[in-house]
Asks: 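My questions will all concern the structure given below.
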Amino acid sequence: KKTANQLLVIFGASGDLTARKLVPSLFNLYIARQLPENFVVLGASRSDMTDKDFRNRVVLESKYLKPRLEDLKENYIQGFSDKFFYEDLGGDYDTHYDRLRKRVEDLNNKYHTEGNIIYYLSTPPTLYETIASRLAEVELNKENLGWKRLIVEKPFGYSLDTAKALNNGLQKYFSESQIYRIDHYLGKETVQNLLVTRFANTIFEPLWNRNYIHHVEITNAESVGVEKRGGYYDKSGALRDMFQNHLLQIVSLIVMEPPIGDEPEEIRNEKVKALKSLRIMKNDKELHDNTIRAQYMDSTINGEKVKGYRQEEGVDKNSTTETYAAIKFFVDNWRWKDVPFYVRTAKRMPTKVTEVVIHFKSPHHHIFQNSGVNNKDNKLIIRIQPDEGILMKFGVKVPGQGFKVERANLDFYYSSLAQTHVMEAYERLLLDCMQGDATLYARADEVEAAWEFVDPILKYWETGDDVRMYGYAAGVWGPENADELIEGIGYWRNPSS
Ligand code: BG6
């Protein structure tokens, strides 16, 4: 696909995301010759910086990029860093938009970017609407000369109401087709591959329903704690930070019906339908029985003392924010009726891993000894990260007399594919937006449907009666009580890596 000449304006340019993800992704695109011929970046934020300061900060002196620049020719590096410019927006992102407009026009004229502009909102979310409205005031949202697109970082809303308000707020100034809500999990190859696994093969989809699937399990574990983001995280928690967005995106791809084709709206329509079919928990009993929350507590991992969540910097000493969430739910539609889904996400687990496990039902009549034992049933394990790949478990006969059945693995690793450049999530998503492809971005109704499901859980956790908060030692697979959620159905699969 051809990428039009364009200007990228990053709001929040002095923030961590710009240096850690956005600029390295642009650098990858630069190396892969995927940037358009005329392309410049204008950073904007509240810091007082010159163009030169900005180039040093995000390119030349950036700890995320510097090691990669070492063996490269100076003029090649300069070719990249010369694309970066900076504009100080003053105290509150509320003023100086006349100046910003002038700067945008100057850059556009000088570098022939044809009036095409992406605005990337990477500021605190409370500023999103302000920025959109100020851009509109100086007519920087007008598409009379070139297109305009708005990328919005997570978190998108804090609750159903705030997400709706944000959608309405942004849509006053930009049309839905101009708004790109980013969810970096959709930029992951393995997440996109869920669609291909299901809809480009004949061997899975016929079984992909309540007749053959016993339950679905999704685990997202991180070994790190909240790191330096305690202030943000304490107002968020695992459910908002990971589940509402990344994990429900994965759920929607597992649950959805086959789309007509691969056009953005065809795929997004099916995802919305999938999210709308999640059974919303209605009363305290349901919420109590199907949700578990917990916080990590101080512990010693590999001889090293680690802090408990409540001792982390920026976290309230009496915080009730969860660092672990496990949710059981059902999907009310023809395909999934009565199939339980178990989804958990947490920090300070023994390892970093994200995987989806499709647990198939036992054969309905057991002929061979041992063949009906639960852990010998067929499983399809989709490793989202790390060790990206797909593992299928099936029964084979143990050599020797009689018919003893053992489990064997068919295991595919992405790393075994011929050398291809696997794009980083942000790299892929940026390029898609640059080309106007919104398939891997969340639509307004999609985000709202996800919040519809999550909202009652959050409300219950905040104000319900008899809401339990469990603890788990940092470095273990969460609280033991989480086993109760899955008891009778199976047990959590705790992958070793
Ligand atoms: C982010 C969350 O969206 O995703 C972080 O805010 C989390 O808390 C991160 O660590 C996980 O992303 P990944 O790609 O490392 O799984």
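Atoms within each ligand, like the ligands themselves, are counted from 1 in listed order. Scope of the values below: all heavy atoms of this structure, side chains included, with no hydrogens, waters or symmetry mates.
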Asks: We want to know whether Tyr414 and Asn193 form a side-chain donor-acceptor pair, criterion being a heavy-atom distance below 3.5 angstrom.
Replies: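 Asn193 and Tyr414 do have a side-chain donor-acceptor pair below 3.5 Å.
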Asks: Give the residue, atom name and distance (to 0.1 Å) of the protein heavy atom nearest atom 12 (O) of ligand 1.
Replies: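 It is His184 NE2, 3.2 Å.
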Asks: For atom 16 (O) of ligand 1, find the nearest protein heavy atom and state the residue, atom name and distance (0.1 Å precision).
Replies: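 Looking only at protein heavy atoms, the one closest to atom 16 (O) of ligand 1 is Tyr185 OH, 2.4 Å.
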Asks: Looking only at the side chains, is there a donor atom on one of Arg344 and Thr219 sitting less than 3.5 Å from an acceptor on the other?
Replies: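 Yes, Thr219 and Arg344 have a side-chain donor paired with an acceptor closer than 3.5 Å.
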Asks: Taking only heavy atoms of Gln385 into account, list the atoms of ligand 1 that are under 4.0 Å away from them.
Replies: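 With Gln385 as reference, the close atoms of ligand 1 come out as 13 (P), 16 (O).
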Asks: By number and element, which atoms of ligand 1 are closer than 4.0 Å to a non-hydrogen atom of Lys352?
Replies: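 Checking each atom against Lys352, I get 13 (P), 15 (O), 16 (O).
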Asks: Out of His246, Gln249, Lys154, which residue meets the side-chain hydrogen bond (donor to acceptor under 3.5 Å, both in side chains) rule with Asp183?
Replies: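 Checked His246, Gln249, Lys154 against Asp183; only one passes side-chain hydrogen bond (donor to acceptor under 3.5 Å, both in side chains): His246.
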Asks: What are the atoms of ligand 1, with element, lying closer than 4.0 Å to any heavy atom of Lys188?
Replies: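 Per the distance check, 13 (P), 14 (O), 16 (O).
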Asks: Within the side chain of Thr190, is there an N or O that forms a donor-acceptor pair under 3.5 Å with the backbone of Ile384?
Replies: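 Checked: pair present.
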Asks: When you measure from the centre of the six-membered ring of Tyr158, is the NZ or CZ of Arg240 under 6.0 Å away and within 45° of the axis?
Replies: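 The answer is yes; both the distance and angle limits are met.
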Asks: What protein heavy atom sits nearest atom 3 (O) of ligand 1, and how far away is it?
Replies: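 Ranked first by proximity to atom 3 (O) of ligand 1 is His246 NE2, 2.7 Å.
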Asks: How would you list all residue pairs meeting side chain to side chain donor-acceptor pair (under 3.5 Å) that involve residues 118-128, not counting sequence neighbours?
Replies: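 Every pair satisfying side chain to side chain donor-acceptor pair (under 3.5 Å) with a residue in residues 118-128: Tyr120-Glu153.
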Asks: Lys154 heavy atoms, cut-off 4.0 Å: which ligand 1 atoms fall inside?
Replies: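 That gives atoms 1 (C), 2 (C), 3 (O), 6 (O) of ligand 1.
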Asks: From the options Arg181, Lys271, Lys273, Lys276, select the one residue that forms a salt bridge (charged side-chain N to carboxylate O under 4.0 Å, His left out) with Glu446.
Replies: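 Single salt bridge (charged side-chain N to carboxylate O under 4.0 Å, His left out) partner of Glu446 among Arg181, Lys271, Lys273, Lys276: Lys271.
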Asks: Does ligand 1 have a heavy atom under 4.0 Å from the side chain of Tyr233, from its backbone, from both, or from neither?
Replies: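 Neither; nothing of Tyr233 gets under 4.0 Å from ligand 1.
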Asks: What atoms in ligand 1 come closer than 4.0 Å to a heavy atom of Asp241?
Replies: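 The list of qualifying atoms is 2 (C), 5 (C), 6 (O), 8 (O).
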Asks: Using a 4.0 Å cutoff against the non-hydrogen atoms of Lys347, which atoms of ligand 1 qualify?
Replies: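 Atoms satisfying the 4.0 Å criterion: 5 (C), 7 (C), 8 (O), 10 (O).
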Asks: Pick one: which of Leu248, Ile280, Ile327, Leu278 meets side chain to side chain contact (heavy atoms under 4.5 Å, CB included) with Val454?
Replies: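 Answer after filtering Leu248, Ile280, Ile327, Leu278: Leu248.
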Asks: What atoms of ligand 1 come within less than 4.0 Å of a heavy atom belonging to Glu222?
Replies: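 It comes down to these atoms of ligand 1: 7 (C), 10 (O), 11 (C).
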